[in-house]
Number of protein chains: 2
Amino acid sequence: MQKLLVWENKLRDKNIRVTSQRIAIIEVLLKEAIPLAAGDIFAKIKNRPELKLSTVYRNLNLLVDERLVRKLNFKGKGTVFELLEDHHQHLICLECGDVKSIQCPLQNYEEELHNDTGYELYDHNIEFYGVCPACKNS
Amino acid sequence: MQKLLVWENKLRDKNIRVTSQRIAIIEVLLKEAIPLAAGDIFAKIKNRPELKLSTVYRNLNLLVDERLVRKLNFKGKGTVFELLEDHHQHLICLECGDVKSIQCPLQNYEEELHNDTGYELYDHNIEFYGVCPACKNS
DNA sequence: GATTAAATGCAAATCATTTGCAGAAAGGAT
DNA sequence: ATCCTTTCTGCAAATGATTTGCATTTAATC
């Protein structure tokens with residue numbers, strides 16, 4: 001099944017209407033496959049001059065609330081959004097801004113943290129900052 | 001030695017002038033000992049009506065650039081700042097907003113990540129989100 | 001105390017994000 | 001297909017956080 005159809009069904013499952021604006025936003029996030037700022041998503045939606053930035057924001061917020069999208073904040077990039085698919089983390093190059101998805105090194109750590117603190121754990125987020133091999137050689 | 005004097009020396013070491021405004025900001029961060037928003041720091045500076053919010057921002061940015069302060073972004077709290085002392089991470093209660101400092105579970109992981117990706121690692125940041133024991137019982 | 005570069009006060013500007021409201025569109029029922 | 005209700009969007013304006021320009025003040029050095 002096409003990825004886009006999977007996402008349309010995710011919306012229906014949550015009783016969120018499948019509007020052409022929502023589809024346009026999800027299409028951009030699917031196609032780019034890296035975390036994007038609201039303004040970047042807006043800029044990448046072509047041929048839809050009536051689709052407003054406020055609609056992009058409203059939908060991103062809705063999707064975040066419904067746990068379909070993850071909202072992140074990277075040093076140097078500000079607030080970005082990505083579709084929530086597998087659980088992974090990010091490695092960001094401080095020179096060129098490249099964002100790499102990496103496997104989460106703390107898959108089983110929440111239980112330990114729960115035992116230590118009594119907190120009921122829901123989620124965690126990790127950012128690694130460094131310089132990529134390409135930028136290092138220049 | 002008083003903590004504040006240590007911080008004055010850190011400023012001098014970096015050739016940053018020791019102004020009363022800087023001291024006021026650092027005092028608040030020392031006293032509260034949790035990450036604070038710029039506006040919160042500003043609000044907690046008493047008896048200094050001439051000290052402006054823009055000065056707080058300017059100094060926080062300077063201290064971040066000089067790696068004396070860490071700038072963070074917590075779900076539900078927006079941008080916050082803390083003095084950079086030991087390396088630690090945070091556990092945030094999504095109900096009451098309480099922020100707990102915890103030992104970093106990835107002290108030795110950067111080398112592995114370097115070997116896997118070729119990135120030169122500089123820093124990492126982890127946020128854990130959950131519900132604290134007090135909030136769970138209510 | 002005089003000198004100079006850096007820092008601050010102040011007000012205004014900028015930028016990202018949110019909001020109110022009237023019209024448009026989606027999904028369910030007929 | 002049409003009607004109905006609720007949700008969503010366009011639009012413009014408001015908000016809130018953060019930054020900036022410029023004249024004045026101040027810290028550090030001599």
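Numbers restart at 1 for each chain; the letters A, B, ... are given by sequence-line order, proteins then strands.
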Quickly work out the [X] [atom1] to [N] [atom2] distance and round it to whole Å.
{"X": "B:L62", "N": "D:dT19", "atom1": "CG", "atom2": "C1'", "value": "15 Å"}
{"X": "A:E50", "N": "C:dG23", "atom1": "CD", "atom2": "C1'", "value": "14 Å"}
{"X": "A:Y57", "N": "D:dG16", "atom1": "OH", "atom2": "P", "value": "16 Å"}
{"X": "B:L51", "N": "C:dC10", "atom1": "CG", "atom2": "P", "value": "10 Å"}
{"X": "A:I23", "N": "D:dT9", "atom1": "CD1", "atom2": "C1'", "value": "15 Å"}
{"X": "A:R12", "N": "D:dT7", "atom1": "CZ", "atom2": "P", "value": "18 Å"}
{"X": "B:L11", "N": "D:dT26", "atom1": "CG", "atom2": "C1'", "value": "15 Å"}
{"X": "A:E8", "N": "C:dG27", "atom1": "CD", "atom2": "C1'", "value": "14 Å"}

Taking only heavy atoms on the protein side, list every residue of [range] lying under 4.0 Å from any atom of DNA chain D, sorted numerically.
{"range": "residues 71-80 of chain A", "result": "none"}
{"range": "residues 31-49 of chain B", "result": "none"}
{"range": "residues 14-22 of chain B", "result": "B:R17, B:V18"}

Would A:H87 and A:H124 count as a close aromatic pair, with their ring centres under 6.0 Å? yes
Taking every non-hydrogen atom, the tightest pair across [X] and [Y]:
{"X": "A:L53", "Y": "A:F42", "result": "N-CE1, 3.3 Å"}
{"X": "A:V99", "Y": "A:F74", "result": "CG1-CE1, 4.0 Å"}
{"X": "B:E82", "Y": "B:L29", "result": "CA-CD2, 4.4 Å"}

Take a 6.0 Å sphere around CG of B:N115 and say whether it holds more than 12 heavy atoms from other residues, nucleotides or ligands.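 More than 12 heavy atoms, drawn from other residues, nucleotides or ligands, come within 6.0 Å of this atom.
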Assess whether atom CD of B:E32 is packed by more than 12 heavy atoms of other residues, nucleotides or ligands within 6.0 Å. yes
Does B:K52 put a side-chain nitrogen or oxygen below 4.0 Å from OP1 or OP2 of C:dT8?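 Result: no.
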Does D:dT18 have its OP1 or OP2 closer than 4.0 Å to a side-chain nitrogen or oxygen of B:N61?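 The answer is no; no side-chain N or O of B:N61 sits under 4.0 Å from OP1 or OP2.
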Within residues 92-114 of chain A or reaching into it, pairs that qualify as ring-ring contact (aromatic ring centres under 6.0 Å, His included) - sequence neighbours excluded: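 Residue pairs with at least one partner in residues 92-114 of chain A: A:Y109-B:F128.
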Check whether any side-chain heavy atom of B:N125 sits under 4.5 Å from a side-chain heavy atom of B:R70, and report yes or no.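 They are in side-chain contact.
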Hey, are B:E50 and B:R48 close enough for a salt bridge, meaning a charged N less than 4.0 Å from a carboxylate O? yes
Inter- and intrachain pairs under salt bridge (Lys or Arg N to Asp or Glu O under 4.0 Å), touching residues 92-102 of chain A, at least two apart: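 Every pair satisfying salt bridge (Lys or Arg N to Asp or Glu O under 4.0 Å) with a residue in residues 92-102 of chain A: there are none.
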Non-neighbouring partners of A:Y57 that pass ring pair (Phe, Tyr, Trp, His ring centres under 6.0 Å), sequence neighbours left out: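 In terms of ring pair (Phe, Tyr, Trp, His ring centres under 6.0 Å), with neighbours along the sequence ignored, A:Y57 is linked to no residue.
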